[in-house]
Amino acid sequence: MFKPKSQILLSKARGVYLLLEEQIVKIQLQRSTDPDLLLSFSQLHTSQHTSNTIICIQVFYVGWPWSPLLKRQVFSGPVVTLKVFEDNVLVREFLEEKGNGRVLVVDGGGSLRCAILGGNPVVQGQNNGWAGIVVNGCVRDVDEINGCDIGVRALASHPMKANKKGIGEKHVPITIAGTRVCDGEWLYADTDGILISKMELSV
Ligand SMILES: O=C([O-])CC(=O)C(=O)O
Ligand SMILES: [Mg+2]
């Protein structure tokens, strides 16, 4: 186990450790649905610290079945949140904006009944400089998405299009798989999982 120079908050969880003070030197995640793991992270997250040298990290989606069909799994950036349900109008609206390296995190309520992200907005997101899109729901046009230079994570693919009523809420706190995600937080996605941090990390 890596020993930090100074303070460390060490989760009991297997293979997961946070190094604190000057920076996060290494983050290691294992896929797990172990409730102790999630508990230890939520305790870390909610515990009160007086020193702002302590960086609290939430683990987001450890153990979730992210679709392996999507190829660009590694990306990071500041978060923009969106909450919709089986409707993709606001998703498209966001990706028409300049991304400036941000990651759009869409809580689609986990619906597996239609796709709230298709190839067209992903191409737009790529062209507008978004770093990635995380969808708690389904995507379609998987081959088109995989041809794009932008990270995309979703639960699954589905051939059906979503509604186009424009219903949803932008920039609101969302809770996905028990983890609250807010605008301005930082998201780090790799092939092991997805992390949400209150602040930018050096990884
Ligand atoms: O048209 C839609 O609603 C979904 C789609 O395939 C795309 O955006 O590329
Ligand atoms: Mg399409």
Side-chain angles (χ1 to χ4, degrees), residues 31 58 60-197:
R31 291 177 195 278
Q58 286 177 290
F60 174 26
Y61 273 174
V62 174
W64 267 55
W66 289 102
S67 173
L69 292 171
L70 298 167
K71 301 293 181 229
R72 264 286 308 273
Q73 303 212 345
V74 184
F75 53 93
S76 62
V79 166
V80 183
T81 62
L82 172 63
K83 190 175 171 68
V84 296
F85 188 71
E86 298 181 355
D87 192 301
N88 68 358
V89 171
L90 300 186
V91 180
R92 298 177 81 116
E93 267 184 29
F94 259 127
L95 296 169
E96 282 163 7
E97 292 178 10
K98 287 282 170 225
N100 299 319
R102 293 175 297 169
V103 176
L104 179 61
V105 184
V106 185
D107 180 9
S111 170
L112 302 177
R113 301 194 307 182
C114 65
I116 52 172
L117 181 69
N120 290 330
V122 172
V123 169
Q124 272 204 309
Q126 167 202 255
N127 295 343
N128 285 332
W130 288 82
I133 310 164
V134 174
V135 178
N136 182 27
C138 292
V139 297
R140 70 197 291 270
D141 303 328
V142 168
D143 291 340
E144 203 176 335
I145 291 173
N146 283 338
C148 291
D149 186 23
I150 175 174
V152 180
R153 304 287 287 263
L155 300 181
S157 58
H158 197 292
M160 208 158 90
K161 293 186 183 192
N163 294 323
K164 304 211 182 316
K165 293 183 181 158
I167 297 169
E169 293 170 279
K170 293 180 173 181
H171 304 294
V172 291
I174 53 180
T175 300
I176 305 180
T179 295
R180 189 176 148 96
V181 187
C182 299
D183 247 44
E185 292 182 332
W186 283 74
L187 183 145
Y188 296 84
D190 72 10
T191 49
D192 285 335
I194 299 177
L195 276 177
I196 296 291
S197 170

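As the structure lists them, so they are numbered: ligands from 1, and atoms in each ligand from 1. As the structure is a prediction and not an experimental result, all values here were calculated from the model.
- Taking the N/O/S atoms of Asp141 in turn, the shortest distance to the Mg ion (ligand 2) belongs to OD2.
- Using a 4.5 Å cut-off on side-chain heavy atoms (C-beta onward), Trp186 and Ser76 make no contact.
- Salt bridge Lys164/Asp87: absent, no basic N to carboxylate O contact under 4.0 Å.
- Closest heavy-atom contact between Cys114 and Cys138: O-CB, 3.3 Å.
- Taking a cutoff of 4.0 Å between a charged side-chain nitrogen and a carboxylate oxygen, Arg102 and Glu97 qualify as a salt bridge.
- Within 4.0 Å of ligand 1, counting heavy atoms only, the contacting residues are Asn88, Arg92, Gly118, Gly119, Asn120, Pro121, Arg140, Asp141, Lys161, Lys164.
- Within 6.0 Å of NZ on Lys165 lie no more than 12 heavy atoms contributed by other residues, nucleotides or ligands.
- Checked options Ile194, Val181, Leu104, Val80; the residue passing with Leu187 is Ile194 (criterion: side-chain contact (heavy atoms from CB on, under 4.5 Å)).
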